[in-house]
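I have placed the structure first, in the form of structure tokens, so that the comments after it can refer back to it.
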Amino acid sequence: MPDLSFLPDLLAWLPFESMQPRFMRQALLGILLLCPMAAMLGVQVLNFRMAFFSDAVGHSAFAGLAVGLILGAPPRLSMLLFGVAVGLFVMAVQRKSGLSADAAIGIVFSAVVAFGLAVVSRAASLAREMEQFLYGDILTVSPGEIVVLFLLLCVLVIFQYFGSNRLLAIALSPLMSRVSGTKVAFWQYLFAAQLALVVMFSVRAVGVLLVTALLIVPAAAARNIARDMRGMFWWSIAISTASGYLGLWFSAQDWLATGSGATIILVACAFFAISSVVAFWGGQRFRKQ
């Protein structure tokens, strides 16, 4: 793996005292890598109406972590692998069973959550391990995870460059996409795997309860103010990244001292409220003209 340990030092120029400790700069670097990925996929999740998918994959973190702890495997690795497996399985059930997306996701979601709770109920000691994934803690991101996030961002950028238009066409009409020569199954499974990986890392940042919000809220805010799909894409990245930075900064202030994950989502929701006002005001002006 490439050595990226120097990257947090590049953020030493930040004028805020709360951002000077290395672990804060490392957390900020994690946010700056993760939020753009969540924003890219969030636009597609919103347009494809797959919010429930990210929720199901996010909740699989409990089951994946429990399996890793029971088998003696690295818990975070087992969580990632289990999450990707759940994402691919949801897509397979949706494609092969003929069920609607919501029904397929709901079945897998219920099974995964029940399995995770059953495992935890048999080993009370696992509850302490689960808590950090319930609420998230970006402050504990490791240098190794920074490297993985960087590599995942590179892969996702390439994926978006070659696949975004294909995915949009598939969402509009899978049959027409298949007729035109697009490998529908390949792109759907690849998208599910990418989304699952980003969701799993988002769980580390904001927790299981808020992971869907990290995907959806910036994209929804971007939809309010963007004029086309490209604008929505870039606005979503800008809003998500700004929310991550401001949320981390606010949470570190003595006068607030809140959880970083929850604060990031609150800032994103504030951006959504502002964008809603801008959209409403712009619509009112348009109707008056």
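In this text, all values refer to a predicted model and were calculated from it rather than measured experimentally.
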Check: Glu145 side chain, Ser142 main-chain N or O, donor-acceptor pair, under 3.5 Å: yes
Working to the nearest 0.5 angstrom, can you tell me the gap between Leu41 CG and Leu167 CG? 9.5 Å
Hey, could you give me the CG/CD1 distance between Leu34 and Ile146, rounded to the nearest 0.5 Å? 9.5 Å
Is the backbone N or O of Phe233 less than 3.5 Å from a side-chain atom of Ser236, with the two atoms forming a donor-acceptor pair by type? no
Check whether Leu214 and Val217 end up in the same hydrophobic cluster, where Ile, Leu, Val, Met, Phe, Trp and Tyr are linked by side-chain heavy atoms less than 4.5 Å apart. no
Do Pro218 and Phe271 make a side-chain contact, defined as non-hydrogen atoms from C-beta onward lying under 4.5 Å apart? no
Check: Val184 and Arg166 side chains under 4.5 Å, non-hydrogen atoms: no
Reported CZ-to-CG distance for the pair Phe201 and Leu33, which is rounded to 0.5 angstrom: 10.5 Å
Between CG on residue Leu246 and CD1 on residue Ile31, distance to nearest 0.5 Å: 11.0 Å
Heavy-atom pair with the smallest gap, counting every atom of Asp254 and Ala257: O-CB, 4.1 Å
Is there a chain of hydrophobic side chains (I, L, V, M, F, W, Y, each step under 4.5 Å between heavy atoms) that links Trp234 to Leu215? yes
Which pair of non-hydrogen atoms, one from Gln26 and one from Pro143, has the smallest distance, and what is that distance? NE2-CD, 3.5 Å
Quick check: closest heavy atoms across Val267 and Phe250, and the distance to 0.1 Å? CG2-CD1, 4.1 Å
Output yes when a side-chain donor or acceptor of Thr182 lies under 3.5 Å from a complementary backbone atom of Arg178, and no otherwise. no
Is there a continuous path of hydrophobic side-chain contacts, each under 4.5 Å between heavy atoms, that joins Leu32 to Met40? yes
Is there a donor-acceptor contact under 3.5 Å from the side chain of Ser240 to the main chain of Cys35? yes
Distance (rounded to the nearest 0.5 Å) between Leu190 CG and Phe159 CZ: 4.5 Å
Shortest non-hydrogen pair, Trp187 vs Gly163, comes out as CZ3-CA, 3.5 Å
Answer with yes or no whether the hydrophobic clustering places Val198 together with Ile237; edges join I, L, V, M, F, W, Y residues whose side-chain heavy atoms lie under 4.5 Å apart. yes
Closest contact, heavy atoms only, Ser60 versus Val86: CB-CG2, 3.8 Å
Minimum heavy-atom distance between Ala226 and Gly231, given as atom pair plus value: CB-C, 3.5 Å
Treat each ILVMFWY residue as a node, draw an edge where side-chain heavy atoms are under 4.5 Å apart, and state whether Leu80 and Phe82 are in one component. yes
Could you give me the CA-CA distance, side-chain angles and deciding distance for Leu195 and Val57, then say whether side chain to side chain contact (heavy atoms under 4.5 Å, CB included) is met? CA-CA 9 Å; Leu195 180 56; Val57 173; over 6 Å; no
Under 4.5 Å between any side-chain heavy atoms of Leu248 and Ile138, yes or no? yes
Using a 4.5 Å cut-off on heavy atoms from C-beta on, say whether the side chain of Ile239 contacts that of Ile225. yes
Run the side chain to side chain contact (heavy atoms under 4.5 Å, CB included) check on Met37 and Leu197 step by step: do they pass? CA-CA 10 Å; Met37 290 192 286; Leu197 282 172; over 6 Å; no
Are the side chains of Leu46 and Met232 in contact, using a 4.5 Å heavy-atom criterion? yes
Going by atom types alone, do Ser251 and Thr258 pair a side-chain donor with an acceptor below 3.5 Å? no
To the nearest 0.5 angstrom, please state how far the CD atom of Gln188 sits from the CD1 atom of Ile170. 5.5 Å
Side-chain contact, heavy-atom cut-off 4.5 Å: Gln194 with Leu152? yes
